[in-house]
Novice: 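There's a structure below that I have some questions on.
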Protein chains: 2
Amino acid sequence: MGHGATRKQIVAAADDLFYRQGFDHTSFADIAKAVNISRGNFYHHFKTKDDILDAVIRNRLDRTEHMLVDWETSGATPKDRIKSYIKILLTNWSLIKDYGCPVGTLCTELAKLNHTSRAEANKVFTLFRVWLRNQFTQLGHMQEADVLALHVLSWSQGVATLGNAFDDYNYVKREVEKMCDWLDALSVKAEKAQ
Amino acid sequence: MGHGATRKQIVAAADDLFYRQGFDHTSFADIAKAVNISRGNFYHHFKTKDDILDAVIRNRLDRTEHMLVDWETSGATPKDRIKSYIKILLTNWSLIKDYGCPVGTLCTELAKLNHTSRAEANKVFTLFRVWLRNQFTQLGHMQEADVLALHVLSWSQGVATLGNAFDDYNYVKREVEKMCDWLDALSVKAEKAQ
DNA sequence: ACAATAGTAGGTCAACTGTCCTAGTGTTTC
DNA sequence: GAAACACTAGGACAGTTGACCTACTATTGT
């Protein structure tokens, strides 16, 4: 199996198309056209379409983990790091408004397809969950850390879905500010409790 | 075009299959098998697959509006009515855990397909939004009513997505309780302000 | 009663799907 | 320089897709 530049191009193109069109609705022909290679050539790099999906998911897991590690070592406070996560909604807005959250929409689709790689795709959520939990722990929220992590996760997920549906940037901006305010209020409470 | 029982059966079966498998991944053959009629017979009831989708969306709009009117005239307080909405997450959990929120997942899919009926599907969200806004207005939240409505909408939407991904009933239950607590705290604040 | 209409079945059609094969072209290794 | 290998192109394949047609059977209205 190939490990060269073409393979990486295929994964990158598939990643993009799976996000913008959905996994099921993206065909070999679509990916081939994007990479500018012949259809039959795929078999040399990936035996099945599911293999491409697995490679795409692994790629997303790697990139996400890398990003989270970067944030972790950036020197900012845990609170600022959580805000970095929340603000993805704004920085990636031009994509989210058309295609939604890449993580959530893939998990949703694979759930409906009852796909084997569903659990693998969910791991991206887990990556964020564990990282967020870690940040909240560092902020002094020991017991509630996981609950708070899930809360941030579901809040931002919902804002992505509705922002996409209503195509309303102001709403997303307002919700992001509310999330940041909530985060600040939370820290004050934790400091008082000490 | 037919308006009989078969047509209703087709819409009902399509509604169910679009929810469980997704619109794009559901074929004429799937629906035909569910209704127990021949494939070719479809043309008499619906010219295209998109026509079936439109009928399904109209059906969902009707049912949703009917449900909301029922809640409105049930005699309960606005706060209890909002809680009825929130608790859909629990009453429909057995479906949500496998297929997510029917409204959100369809809107997401149609967004990716860049489908003509995307705006029509979004109207279900608008139905809930306007209704929730109305409840908050009745609770005395005049200016913020729409913001609060959107907040409830996005919160529950996120919980549905993550509940589906993690298949975690306890998490959903906890978030529902938190939403109800938040609602109660909100009312107290509004009463104080009067 | 009979003509018009609504509904149904079965099949055809071109286009597309994922998969797989074969022939051929470079590139590396000894 | 020859064998082994990585890679590519183009096409074949069986199956499925949405769409559409025609022939047949109920049902209805007058």
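Naming: A, B, ... by sequence-line order, numbering from 1 per chain.
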Novice: If you assign each of A/D24 and B/I37 to its closest nucleotide in DNA chain C, which residue comes earlier from the 5' end?
Specialist: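 Upstream on the strand: B/I37.
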Novice: Round to a whole Å and report the spacing from NZ of A/K49 to P of C/dC16.
Specialist: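 One finds 15 Å between P of C/dC16 and NZ of A/K49, rounded.
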Novice: Would you tell me if any nitrogen or oxygen in the side chain of B/S27 comes within less than 4.0 Å of OP1 or OP2 on D/dT17?
Specialist: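 Checking B/S27 against D/dT17: at least one side-chain N or O falls below 4.0 Å of OP1 or OP2.
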Novice: So, is B/N41 near the phosphate of C/dG7, with a side-chain N or O under 4.0 Å from OP1 or OP2?
Specialist: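 No, B/N41 has no side-chain N/O under 4.0 Å of OP1/OP2 on C/dG7.
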Novice: Want to settle it: does B/R39 or B/T6 sit nearer the 5' end of DNA chain C, counting the closest nucleotide to each?
Specialist: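 This one resolves to B/T6.
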Novice: In this structure, how many angstroms lie between the C1' atom of D/dA23 and the OH atom of B/Y43, rounded?
Specialist: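 Spelled out: OH on B/Y43 to C1' on D/dA23 is 17 Å.
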Novice: Rounded off to whole Å, could you give me the CZ-to-P distance for the B/F42 and C/dG11 pair?
Specialist: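 Answer to the nearest Å: 17 Å.
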Novice: Should B/H45 be listed as having a side-chain N or O under 4.0 Å from OP1 or OP2 of C/dT8?
Specialist: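 True: B/H45 side-chain N/O within range (under 4.0 Å) of C/dT8 OP1/OP2.
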Novice: Given atom CG of B/N36 and atom P of C/dT8, what is their separation to the nearest angstrom?
Specialist: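 That distance rounds to 12 Å.
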Novice: Rounded to whole angstroms, how far apart are NE2 on B/H44 and P on D/dT25?
Specialist: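 Going from NE2 in B/H44 over to P in D/dT25 covers 16 Å.
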Novice: Return the nearest nucleotide to the side chain of B/S38; candidates are C/dA9, D/dT8, C/dT17.
Specialist: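 It is C/dA9.
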Novice: Between D/dT17, C/dT19, D/dA19, spot the one nearest the side chain of B/T48, thanks.
Specialist: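 The answer is D/dA19, which lies nearest to the side chain.
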Novice: Do A/W71 and A/Q135 have side-chain atoms, one donor and one acceptor, less than 3.5 Å apart?
Specialist: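 A/Q135 and A/W71 do not have a side-chain donor-acceptor pair below 3.5 Å.
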Novice: In whole angstrom, give the distance that lies between atom CG of A/D50 and atom P of C/dT17.
Specialist: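 My rounded result for the distance is 16 Å.
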Novice: Is the Lys NZ or Arg CZ of A/R174 less than 6.0 Å from the centre of A/Y169's six-membered ring, within 45° of the axis?
Specialist: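 So A/R174 doesn't make the cation-pi contact.
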Novice: First locate atom CG of B/L106, then atom NZ of A/K112, and finally report the distance between them rounded to the nearest 0.5 Å.
Specialist: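 So the CG of B/L106 and the NZ of A/K112 are separated by 8.0 Å.
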Novice: With a 4.0 Å cut-off, would you call B/D184 and B/K83 a salt bridge?
Specialist: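 Salt bridge flag = yes for B/K83 with B/D184.
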Novice: Compute both the distance and the angle, then confirm whether B/R60 meets the cation-pi test with B/F18: under 6.0 Å from the six-membered ring centre, within 45 degrees of the axis.
Specialist: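 No, B/R60 does not lie over the aromatic ring of B/F18.
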Novice: Without decimals, in angstroms, what is the distance between A/L113 CG and C/dT17 C1'?
Specialist: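 Atom CG in A/L113 sits about 15 Å away from atom C1' in C/dT17.
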Novice: Could you tell me the separation between the CG atom of A/D51 and the C1' atom of C/dC20, rounded to a whole number of Å?
Specialist: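 Atom-to-atom, A/D51 to C/dC20, this comes out as 14 Å.
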